S.K.: 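Quick one: structure below, then a few questions.
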There are 2 protein chains.
Amino acid sequence: MSVNRSSKTKTAIIKSAMELFAAHGYKGTSVRKIASKVGIRESALYNHFKNKEAIFLTVCADIFTTPFSKKNVQEDAKKGKKFLANFVVQYKLVSFDANKERLFRIMMIELLQDKTLRKNFLNEFHHHNIALLSEAFFVMMQSGLIRSSDPMFTANEFLAPLFYYRLQITLLRIDAEPTTALSTLFEKHVDFFWESVAL
Amino acid sequence: MSVNRSSKTKTAIIKSAMELFAAHGYKGTSVRKIASKVGIRESALYNHFKNKEAIFLTVCADIFTTPFSKKNVQEDAKKGKKFLANFVVQYKLVSFDANKERLFRIMMIELLQDKTLRKNFLNEFHHHNIALLSEAFFVMMQSGLIRSSDPMFTANEFLAPLFYYRLQITLLRIDAEPTTALSTLFEKHVDFFWESVAL
DNA sequence: AATTTATATGAACGGTTGTTCTTTTAGATA
DNA sequence: TATCTAAAAGAACAACCGTTCATATAAATT
């Protein structure tokens, strides 16, 4: 099948493009540099993608896919601290995943320039997590596990440090600097947070 | 004095350049667009600045100037919650200052692409605040105002949400969306945090 | 008022950008 | 093996980039 060769270079294009976009952003990445990295000419790219933006959109396709499902939140939240610990473990895994990290870099670079990305960040990334955590905290409050308060605000206070630590890790890893000191922050955050809300 | 006319256009260049850099980043801002916004030709820019980078560096000159001085921390920290409330008030003022907001946007856009900026962010922005807060929390712990813990970690937990809220405000304001819901988060954070650490 | 000095203009440069086109090449089909 | 098809190459394009330079202009100095 001719599909094989075609899809093979298409995959190579996406891979190379992702690395370049993550390093230099959309404007800083030219179609020639992508093609060169793949090992083909720039004109050959157009056999696989309509234009540069199409490449970018394909690269960014699952930039907001999240491991956090709303499924079973009502039940899982009753586990209290264990629920939060599990949430943080998954958040940490994503933070240290090479591919997810590249997408995170792209997101942070384009976040302030691309309105669509910005909207998706707030909806898919922020609000999704806040909604999930809010629901969980609401359950915990009703179950008497934590002290009563505004669940959404509690969710914000819990999520914010995770994002900040992830950003720091990303920044350090760009320059290949060690992140060992930061990796324990996630678990410490759960302990600190739980101590402050638990009844 | 000829200085007058010169410095007038130089100021205009910096102003226009800052707005464009904040909106479209370094690569997305051309010297022609800066000149056009000022109302002069691109060649005239070079009478005031050596090159594009010199304009950018001038714009970014006080990107990391902070209202938080280490002066009197030892004494002020003894006020406990009031110290934190004051810190947050200043942080909030900076977040809603139009000029500081533009610089913050530029910083966030270039942070993942410009190594120097990244280094300065970690040193001047992050570590500076963490050092200041660490010192304050250490004093509070010794004074018996808050429960003993790692001061630096406590500082991280206190600072992280502030940054996250500021980022959200920035993102919303780019699209001219209301930020009223977010403006109260700063004060709520102080209350929430103090309740979790106070003895 | 005449001269000097600094700022603005307009054209031009070499280079890069995204994209399109025709031609060549290589793999799949018959 | 001959034919068809899809991917690659190579050249070219118009537009834009940062920067330079000779020239014109307006302001400041004498």
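Throughout, protein chains are lettered first and strands after them, A, B, ... in sequence-line order, and every chain is numbered starting at 1. Note that the structure is predicted; figures quoted are calculated from it, not measured.
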S.K.: Short question: side chain of A:E157, backbone of B:P161 - any donor-acceptor pair under 3.5 Å?
M.R.: no
S.K.: Does a nitrogen or oxygen in the side chain of B:R41 sit under 4.0 Å from OP1 or OP2 of C:dA8?
M.R.: no
S.K.: Consider only side-chain N and O atoms of B:Y91 and B:H189, and report whether a donor and an acceptor are under 3.5 Å apart.
M.R.: no
S.K.: Of the candidate nucleotides C:dA8, D:dT20, D:dC17, which contains the atom at the shortest distance from the side chain of B:S30?
M.R.: D:dC17
S.K.: Provide, to the nearest angstrom, the distance between the CD atom belonging to A:E42 and the C1' atom belonging to D:dC13.
M.R.: 13 Å
S.K.: Among side-chain atoms of A:Q113 and B:H24, is any donor-acceptor pair under 3.5 angstrom?
M.R.: no
S.K.: Whole angstroms only, please: what is the CD1-P distance between B:I40 and D:dT25?
M.R.: 18 Å
S.K.: Between the base of D:dA9 and the side chain of A:S43, is there a donor and acceptor pair under 3.5 angstrom?
M.R.: yes
S.K.: What is the distance, rounded to the nearest whole Å, between atom CG of A:N51 and atom C1' of C:dT20?
M.R.: 13 Å
S.K.: Report the distance from atom NZ of B:K27 to atom P of C:dG18, rounded to the nearest whole Å.
M.R.: 12 Å
S.K.: Taking donor-acceptor contacts at under 3.5 Å, does the side chain of B:N47 reach the base of C:dA6?
M.R.: no
S.K.: Answer yes or no: does a side-chain N or O of B:H48 lie under 4.0 Å from OP1 or OP2 of C:dA6?
M.R.: no
S.K.: Just the rounded figure in Å: distance from C1' of D:dT19 to NZ of B:K52.
M.R.: 12 Å
S.K.: To the nearest Å, give me how far apart NZ (B:K33) and C1' (D:dC16) are.
M.R.: 9 Å
S.K.: Between the side chains of A:E19 and A:K15, is the shortest nitrogen-to-carboxylate-oxygen separation below 4.0 Å, so that they form an ion pair?
M.R.: yes
S.K.: What is the separation between atom CG on B:L45 and atom P on C:dT7, rounded to the nearest whole Å?
M.R.: 13 Å
S.K.: How many Å lie between CZ on B:F49 and C1' on D:dT20, as a whole number?
M.R.: 18 Å
